[in-house]
Each structure stands twice: as C-alpha cells, then as structure tokens.
Amino acid sequence: MGRCEVAHYGRLKFGVAEVIHAATNGGLDDEYYEPFVRAIARLLEAGAADGTLKPDPDPEDVLLQLSVLWRIDPARGGTDRAARILTLIVDGLRTRQP
C-alpha cells in the first residue's frame, strides 16, 4: 500500500482512532491489540530484510504514530496534512532518504 493509499484510508477513517482504541483497550490486555502489533511488526521486518527500513523500530511505537492519521479532520486540510504526517513517519523509518 503506497503513501497516498494510506493517507486516503486515513481520511476515510477519520474518527476511527477511538474505535480502535476501544477495540484494543489501548493495551496488551485486549485480544485485538496483539494482532495489530504483529501485522506492523511483519511489515517492519520485511522492510528491514530488504534494506529499506531501519531494523529496530518498535511496532507499538509505529502503531501509536499511525493512529494520528485517523484523527485528522478531512474538512480542514486533512488530505495535505495526512500526506505530510505520513511522509514524516515513513521517512523516520527509512534507512536512507529518497
């Protein structure tokens, strides 16, 4: 999934952060939290294996960073803001800048 697709998904899901937080109870004691973290870990591992991503990011940290995308109001410059924030997150994970 490319950056534009993730940003678009984030815009579509404005407000879902509260739903995700409720579903995962914001922590390890919920059955849905670990699958989110494992999925992110697999993506990070794949990126580290091919050398595009740093080998040490914590998947829970990345989940926390990504959760901001669902809080962006699409009616208030959300498209541009989501793209900028996603670029910051992805650039921070890369081994080298494009």
Side-chain angles (χ1 to χ4, degrees):
M1 182 176 283
R3 266 190 260 185
C4 292
E5 292 160 327
V6 172
H8 177 70
Y9 181 77
R11 285 192 318 275
L12 292 176
K13 300 301 179 184
F14 172 67
V16 82
E18 288 79 17
V19 174
I20 291 173
H21 181 73
T24 63
N25 196 27
L28 300 173
D29 59 335
D30 189 277
E31 66 181 303
Y32 299 108
Y33 185 78
E34 196 59 36
F36 275 94
V37 174
R38 278 197 314 267
I40 292 169
R42 290 189 73 168
L43 292 170
L44 293 172
E45 289 165 5
D50 75 9
T52 58
L53 299 181
K54 296 174 184 174
D56 59 350
D58 183 302
E60 290 179 286
D61 291 349
V62 174
L63 176 60
L64 182 60
Q65 290 174 329
L66 291 172
S67 70
V68 74
L69 294 174
W70 289 278
R71 294 189 174 271
I72 298 171
D73 185 346
R76 298 179 60 204
T79 301
D80 292 337
R81 176 166 280 158
R84 289 191 308 269
I85 290 172
L86 188 58
T87 295
L88 288 171
I89 294 168
V90 172
D91 284 352
L93 294 170
R94 287 188 178 154
T95 54
R96 57 195 166 279
Q97 300 305 310

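Heads up: numbering here begins at 1 and tracks the sequence.
Here the closest heavy-atom approach between residue V37 and residue E60 is recorded as CG2-CG, 3.7 Å. Here the closest non-hydrogen pair linking A48 and P55 is CB-CA, 3.8 Å. In this structure, K54 and T95 approach most closely via the heavy-atom pair N-CG2, 3.6 Å.
Taken from CG in L44 to CG in L93, the straight-line distance is 6.0 Å, to the nearest 0.5 Å.
Checked against side-chain hydrogen bond (donor to acceptor under 3.5 Å, both in side chains), D56 has no partners two or more places apart in sequence or in another chain. Every residue was checked against the side chain to side chain contact (heavy atoms under 4.5 Å, CB included) condition with L43, not counting sequence neighbours, and none meets it. Among residues two or more places apart in sequence or in another chain, the side chain to side chain contact (heavy atoms under 4.5 Å, CB included) test is passed with D61 by D58.
For residues 40-50, the pairs satisfying side-chain hydrogen bond (donor to acceptor under 3.5 Å, both in side chains) are D50-T52, with sequence neighbours left out.
D91 is listed as a side-chain neighbour of R94, based on a closest heavy-atom distance under 4.5 Å.
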